[in-house]
Structures are given as C-alpha cells and as structure tokens.
Amino acid sequence: SDHGNTRGRQPTALDTNANSNDGGGERRLQKKRDRVEEQNDVSGPTYDKPSSSQQSSVRANDGSKNRHSDHGNTREKHTTALDTNVNSNKEGGGMGLQEKRDRAEKENDVRGQSYDKSSSSRTSTVHNEIIPSSNKKRKSGSGNATSTTPTSCNLSPPPPELIPPLPIPKSCIQNITFLADSHSPGLASASLAPRPQCTLCYDSGFHPEGLGATLDERALLDVRERMERWDPYWRVLKELGQRKVPAQADSSGGGGRRTMTTVSTRTAPCTSAPAPWLKSSAGNLPTSCAKLTVESLGKCPDAANASNNNPWGLKWGVSSSVYETGDRRLLLRMLPLKRTKYDQKRSDTHQWPIGSFVQLSQGTSQTVLPLAQRRQQQHDPKLWKGLCYPLDMTHILPDSNSPFCIQICTREVIETPKYDVGVPVSKMFEDSYGMWRSFTGEVKNYDGEYYKIVYEDGDVEELTHEELSSILVKKNNGEGKLLLGSYAIHLAICEYIAPDDLHNQLLRNVQMLSLESSQKLANQYLKNQTVSIDDSDCDDGNSDAISSSLTLSLLCPISKLAIGTPVRGRHCKHMQCFDLKSYLHSNRHVTGGRWRCGVCEDFVSAKDLIRCGLFEAMLHDHRDMVSGIRDKISFRPDGSWCLKAENKLRYASKSSGIGANGGGGDTAEERQSKRDDSSAGQKHSAAQLEIIDLL
C-alpha cells in the first residue's frame with residue numbers, strides 16, 4: 001500500500017545518508033532520527049526504525065496490502081498524509097499540523113480506527129495487528145504493568161437530560177355549572193355560609209406564565225415524584241385524565257419538528273357569570289376551578305387481576321377503611337404546585353385547596369362528593385384548619401365503563417402572574433416615514449393593574465397583563481411558571497402496600513452507613529454538637545483525666561420497644577435512631593404529625609432514611625439485655641461501647657422492704673456511711689464527663 005511504501009521510503013533516505021556521511025554526519029543523522037521519532041510520537045502514527053531486512057519485507061507485502069478494501073486504503077492514506085507532514089513541516093507549522101491531525105483522528109474514529117493518546121500507540125482494525133510507537137514499552141495510566149495495546153478513546157458523551165417540551169400556548173374559555181352548596185348537615189365545601197348554584201368561566205388552555213388549567217409534562221413529573229416520596233403506601237398503576245397535545249417546536253435540534261407532549265389538569269382562576277341571585281353570595285363564590293375528563297380506564301397490563309368487566313381488579317361499589325396489601329382503589333388527590341416557606345417545613349402530602357367543592361358528572365347525572373378537608377373557623381373566617389384525606393372513588397363511581405368528568409371549584413386565590421421590571425417587549429408601529437416596523441422596549445413600572453412600557457424612540461404605553469403577554473419577547477427555558485394557590489389534580493388507580501411489606505422493600509433500598517463511618521460521625525457529634533454536664537467540681541486540678549462518653553438509648557422513641565432496624569433522617573443532626581417498622585406503622589394514617597422524626601420532629605420521608613451501622617453493632621451485642629429499665633448504652637471516643645446499669649428511677653430510694661429500724665429503707669447511720677464512702681471514692685477517682693444526646 002501507499003502507507004507501506006511511504007514508511008519504506010523514509011528509512012531508505014536515512015540509510016543512504018548514513019552510508020555517505022562520515023562520523024560527524026552519523027551523529028547529525030542520529031539527532032535527525034530522534035527528532036523524527038519524537039514528532040511521530042506526537043502525531044499518532046508511529047513506526048520502528050527499520051533495518052534493511054525490514055525494508056524488503058515491507059516492499060514484499062505491497063501486493064498483499066493492495067488487495068484490501070477501499071475502506072482500508074482510505075484509512076492508510078490518512079496515515080500517509082500525517083507521516084509526510086511530519087517530515088516536511090518545520091516548527092512554525094505546528095498549528096496547521098495539529099488541525100490536520102485532529103481532523104484525521106476524527107475521521108479514523110468514525111471508520112473504526114482507535115487511538116491511545118496516553119501511549120501514542122495505534123490499533124489497526126483492518127489488519128488486526130498492533131503497531132508499537134517505538135521499541136520502548138510505555139507504562140499505562142494505571143499500575144506498573146507495561147502495555148502496547150491501546151484503548152479506544154472514541155467515547156460518546158452521556159446523553160443530555162431530556163426536558164419535556166412545553167405545549168403550544170393557546171386559550172380555551174369554558175364554562176362549568178356547579179350545584180348549590182347548601183346540603184345539611186354541614187356544607188360540602190366546609191364553609192360557614194351556603195352558596196347557590198353558579199356558573200364559572202375559566203381558561204382551560206396553556207400559558208407559560210402560569211395561567212390556564214393545562215399542566216405541562218415537566219410539572220406533572222414533579223407531582224408524580226412527590227406523590228411517590230410522601231405517600232409510599234400507594235403504588236400508582238395508572239394515571240387518569242392525561243392527554244396528548246401538540247408541543248412547541250424542538251429548538252434543540254431535529255429541524256424544528258413538532259412533537260406531542262403529555263399534559264394534565266390544574267386549578268385555574270375563574271370568574272362567575274353575572275346573575276342577580278349571586279350578589280348576596282359574592283363573598284362565598286369560588287375563585288378557582290378545573291375539570292378533569294376521563295374517557296376510559298385503559299388496559300391493565302396485569303392479566304392475573306384482570307377480567308372482562310373489571311380489567312383493573314377494582315372492587316367497584318365496595319367501601320373500605322382498612323386496606324391490605326394488593327388492594328386496588330381509585331384515588332383522587334391534590335398537591336399545591338408552589339409551596340410557601342411554611343408549607344416547605346411540613347410533609348408534602350395530599351392537601352385539598354380551601355373550600356373545595358367536588359362534583360361527579362357522568363352522562364346527565366351530577367353528584368356532589370363528600371370530602372374530609374380543612375374547615376373554615378368561626379372565630380376567624382380567613383383561617384382554615386383540619387386534616388385532608390384522599391378521596392376513594394371506588395365505591396362512588398356507578399359505571400366505570402362510561403366516560404366521566406370530575407369538576408372542582410375552590411376558594412383558594414391564585415396569585416396574579418407579574419412580569420419583572422426590565423422585561424423586553426417588541427411591538428409593530430408606524431414610523432415617521434409611514435413604514436410599519438418593530439419597535440423594542442422594556443417594562444419600567446407596574447402599579448398593580450397596568451404595566452408602563454417605554455419604547456426605543458421614547459414613546460410610553462400602559463398595557464394590561466394580557467396585552468403585555470402578546471408582545472413579550474419570549475425566552476422559553478423549557479419550564480412553565482407555577483403560581484401560588486394553583487393545585488394539581490391527580491386521579492390514579494393505586495395498589496396498597498402494608499407497612500410490613502413496605503418495610504421489607506425499604507430494607508433493600510435504604511442507604512447503609514458503615515460502622516467506621518458511624519463511629520467517626522459519633523465522635524464528631526460528641527465533640528461539637530452535645531451538651532456536657534460535669535458531675536464533679538474538678539478542684540483537684542485533674543482536668544486532663546476527664547473522659548467523655550455519649551449516652552444513647554436502644555429503645556425506639558416511637559414504640560418504646562427494642563429497636564429492630566435502626567434508622568434516622570439523612571439530614572437529622574442527632575445520633576439517636578428509631579425503629580423503621582414502628583416509623584412506617586405510625587405514619588400509615590393521616591395525622592398532624594405525619595412523617596415527623598421520632599427524635600427531633602423534623603419531617604423525614606421514607607426515601608430520606610439511612611441505616612446506622614453503629615446502632616446495628618450495638619444491638620447485635622446487647623439486644624437480648626435491653627428492657628424498659630435498662631436501655632442506655634455508653635459510646636466512648638475510642639469507638640468502644642458498653643451497656644450501662646439499670647436506669648435510676650425517681651421512686652428507687654423508696655424501698656418497699658422493712659429496714660433494721662422497723663421502717664422502710666436504711667437507717668440514718670447506714671445512709672451517712674454510704675455518703676462517706678461515695679465522697680471518698682470521688683477524691684481518688686478521675687472525674688467523669690457524661691454526654692447525653694438531648695435531641
């Protein structure tokens with residue numbers, strides 16, 4: 001091949017110079033050979049210094065190499081160009097050579113040629129042979145072993161995170177007629193005053209600034225993750241009420257092609273249709289609403305629980321308050337899309353908007369659904385208190401094979417989206433020459449109703465929020481805005497997991513903190529994050545003899561029983577652990593303290609728990625000796641621990657036995673003797689410093 005002939009011709013020129021030069025020329029020739037070899041090491045394609053016998057073997061192989069495919073010849077020609085540039089370029093032409101070399105390497109990578117940049121060796125996939133760069137073996141990057149086999153550096157970068165596209169912005173005004181909220185006893189919306197029948201008007205479309213009842217796919221994925229994290233007892237099998245809509249053009253590539261995206265439903269601001277009988281109830285009218293339509297339940301992938309009339313294995317028409325593992329129910333839940341600072345401190349569980357009123361529409365019938373939600377307080381009508389329970393619709397839905405619609409209206413006020421000062425705009429105006437062109441400007445002020453716009457020519461204009469949205473210079477960041485007060489509606493077929501079964505699943509997934517890491521963490525906690533109580537006066541000057549220890553309990557603070565699986569929150573600042581199974585059993589019901597840590601009362605989800613290796617080792621040694629009166633264990637800075645004596649109770653000094661004096665307890669002389677022995681022992685022993693985990 002040309003590559004073989006080139007490699008043969010270059011050494012021939014060097015050998016000819018060697019025969020014609022004297023001793024000084026031989027030294028110059030050796031320097032020239034070394035320089036060529038260094039350049040070849042840098043350029044990638046390298047070769048050994050051949051002898052005359054090797055030259056003849058190269059020429060003899062010309063015929064066999066020419067019989068290779070065009071693909072192999074093309075790759076060899078790229079290598080020939082590199083070798084020729086090495087011999088012909090000077091030091092000043094290094095940049096051009098580097099560019100050609102990089103381009104050739106990319107082309108060779110595409111054709112299957114792999115390079116090892118660390119060892120400057122090359123593997124030919126056509127000839128299945130390795131051509132070393134020199135007689136010296138180069139060390140690989142790891143270890144001391146020598147290797148001439150290169151490793152491929154043609155590594156494709158990791159795929160970028162796929163961001164779901166946003167739907168195409170559009171408006172779709174719809175009306176919903178809600179039944180009167182006047183049923184007794186108690187109103188369905190948990191309000192103080194009844195509400196007559198009303199018709200609400202809202203926008204069911206999508207707008208990037210947050211208006212509209214369409215929830216984009218990225219926010220939908222976040223809602224799904226929050227449901228799984230804070231309600232692990234219900235495994236989602238099928239989400240209902242979702243639909244496919246056209247998405248915005250793909251700006252990241254693909255020729256601007258349009259795709260489809262999955263959307264769901266959220267509550268949107270609404271207005272009531274004018275009616276004379278609504279004037280007296282203006283303060284009780286809903287401020288937000290939404291409608292979720294379900295065409296069908298879809299197909300069940302689990303054929304074992306499926307049947308012709310009941311594909312999902314749901315117990316339609318059967319009400320139940322106690323669930324077992326494997327029970328399937330149709331649950332309606334809601335989550336706030338944007339949480340306040342106060343909400344961020346609590347568990348992110350299901351929550352109804354204040355004053356929620358839900359009705360089921362199927363065919364021509366409409367039914368008001370009862371909710372367990374927060375109630376309006378009489379002493380302060382602005383205050384709503386109470387617990388929110390998910391709505392089990394399995395026993396409510398009369399016909400699961402027919403399409404149905406869930407309509408909800410609330411008294412939750414959704415914030416008005418506001419654009420910041422300096423937002424760029426662009427609008428068409430007629431200039432001084434009578435030509436229509438685009439004038440750019442920006443927002444200068446907002447008075448709560450109108451935006452003040454100043455254009456490039458100095459003109460000023462005041463626009464409403466809707467008018468400003470139409471001329472806004474949009475900068476799509478792949479995410480729709482979430483407004484405070486807007487709630488996501490989540491309707492899904494779920495399967496129940498009992499606490500014991502959930503415990504077995506979490507044992508395989510909970511992160512384990514090793515014994516060594518737990519000991520280091522305990523020592524750091526012992527040094528910086530504890531309160532020390534000194535029982536002695538240390539008047540004898542033996543401050544160096546003071547030893548510290550950390551006292552922990554092997555009883556679960558939730559069940560008051562010996563800990564089975566010791567866990568604590570990932571971000572908790574204490575070393576004390578609690579039992580995983582007791583924690584799961586105590587949080588299966590909706591309570592005000594749901595998902596609170598058993599020690600520090602911070603909110604900790606099941607996915608944020610870690611197992612402590614130190615507690616595992618302590619329980620392995622002393623589990624059988626733990627009881628209600630002996631549960632304290634002392635951890636020392638050297639990493640050792642010991643189970644302490646029985647706890648000192650308040651009533652321990654009141655002995656039930658009869659002493660020598662005929663009364664209960666010791667005599668005065670016996671008590672004085674014990675005090676003397678105790679004081680004498682304190683003088684001769686080093687002072688002890690005990691650290692107690694108070695959190």
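By convention here, the first residue in the shown sequence is residue 1. Both backbone and side-chain heavy atoms feed into the values below; hydrogens, waters and symmetry mates do not.
Between Lys452 and Glu462 there is no salt bridge, since no side-chain nitrogen of the basic residue lies less than 4.0 Å from a carboxylate oxygen of the acidic one. Salt bridge status for Asp203 with Lys170: absent, with no side-chain N to carboxylate O gap under 4.0 Å. A salt bridge is absent between Arg329 and Glu495; no separation between the charged side-chain nitrogens and carboxylate oxygens falls under 4.0 Å. Salt bridge Asp222/Arg218: absent, no basic N to carboxylate O contact under 4.0 Å.
Within the 4.5 Å cutoff, no side-chain heavy atoms of Lys238 are placed close to those of Arg328. Inter-residue side-chain proximity for Asp348 and Leu335 is flagged as met; some heavy-atom pair is nearer than 4.5 Å.
Partners of Glu442 by salt bridge (charged side-chain N to carboxylate O under 4.0 Å, His left out), not counting sequence neighbours, listed by chain and number: Lys444. Under the ring-ring contact (aromatic ring centres under 6.0 Å, His included) criterion, Phe578 pairs with Tyr583, sequence neighbours left out. The side chain to side chain donor-acceptor pair (under 3.5 Å) test applied to Thr340 returns Asp343, not counting sequence neighbours. For Gln366, the side chain to side chain donor-acceptor pair (under 3.5 Å) criterion is met by no residue, not counting sequence neighbours. Take His350 and apply the ring-ring contact (aromatic ring centres under 6.0 Å, His included) test, not counting sequence neighbours, and it matches Trp352. Shown here are the side chain to side chain donor-acceptor pair (under 3.5 Å) partners of Ser438, two or more places apart in sequence or in another chain: Ser426. With sequence neighbours left out, Lys427 forms a side chain to side chain donor-acceptor pair (under 3.5 Å) with Glu461. Among residues two or more places apart in sequence or in another chain, the ring-ring contact (aromatic ring centres under 6.0 Å, His included) test is passed with Tyr455 by Phe429.
For the side-chain contact (heavy atoms from CB on, under 4.5 Å) with Ser264, the lone residue among Glu217, Arg243, Gln242 that qualifies is Gln242.
Put simply, the side chain of Gln359 gets close to the backbone of Thr177: a donor and an acceptor are under 3.5 Å apart. Remark: the backbone N or O of Ser356 is paired with a side-chain donor or acceptor of Gln373 at under 3.5 angstrom. With hydrogens and angles ignored, the 3.5 Å screen pairs a side-chain donor or acceptor of Asp181 with a backbone N or O of Ala188.
Here the NZ atom belonging to Lys581 is positioned 13.5 Å from the OG atom belonging to Ser586, to the nearest 0.5 angstrom. Here Thr287 contributes atom OG1 and Asn284 contributes atom CG; the two are 11.5 Å apart, rounded to the nearest 0.5 Å. Cys201 SG to Gln174 CD: the interatomic distance, rounded to the nearest 0.5 Å, is 9.5 Å.
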Check the pair Glu456, Thr440 against side chain to side chain donor-acceptor pair (under 3.5 Å), reporting the backbone distance first and the verdict last.
CA-CA 6 Å; Glu456 58 182 84; Thr440 60; 2.9 Å; yes
Trace of the side chain to side chain donor-acceptor pair (under 3.5 Å) decision for Ser320 with Lys315:
CA-CA 10 Å; Ser320 176; Lys315 299 178 180 179; over 6 Å; no
Worked check of side chain to side chain donor-acceptor pair (under 3.5 Å) between Gln351 and Arg333:
CA-CA 7 Å; Gln351 187 177 36; Arg333 297 175 290 181; over 6 Å; no
Stepwise side chain to side chain donor-acceptor pair (under 3.5 Å) test for Ser288 and Thr267
CA-CA 6 Å; Ser288 59; Thr267 57; 4.6 Å; no
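Judged as a ring-ring contact (aromatic ring centres under 6.0 Å, His included), not a single pair has a partner in residues 389-414 (not counting sequence neighbours). Counting only residues at least two apart or on different chains, no salt bridge (charged side-chain N to carboxylate O under 4.0 Å, His left out) pair has a member in residues 364-379. Listed by first then second residue, pairs satisfying ring-ring contact (aromatic ring centres under 6.0 Å, His included) with a partner in residues 488-510 read Trp234-Tyr496, Tyr323-Tyr496, not counting sequence neighbours. Sorted by first then second residue, the salt bridge (charged side-chain N to carboxylate O under 4.0 Å, His left out) pairs that include residues 595-610, not counting sequence neighbours, are Arg229-Asp608.
Heavy-atom contacts from other residues, nucleotides or ligands closer than 6.0 Å to OH of Tyr450 number 12 or fewer. Residue Glu430 places its CD atom among more than 12 non-hydrogen atoms of other residues, nucleotides or ligands, all under 6.0 Å distant.
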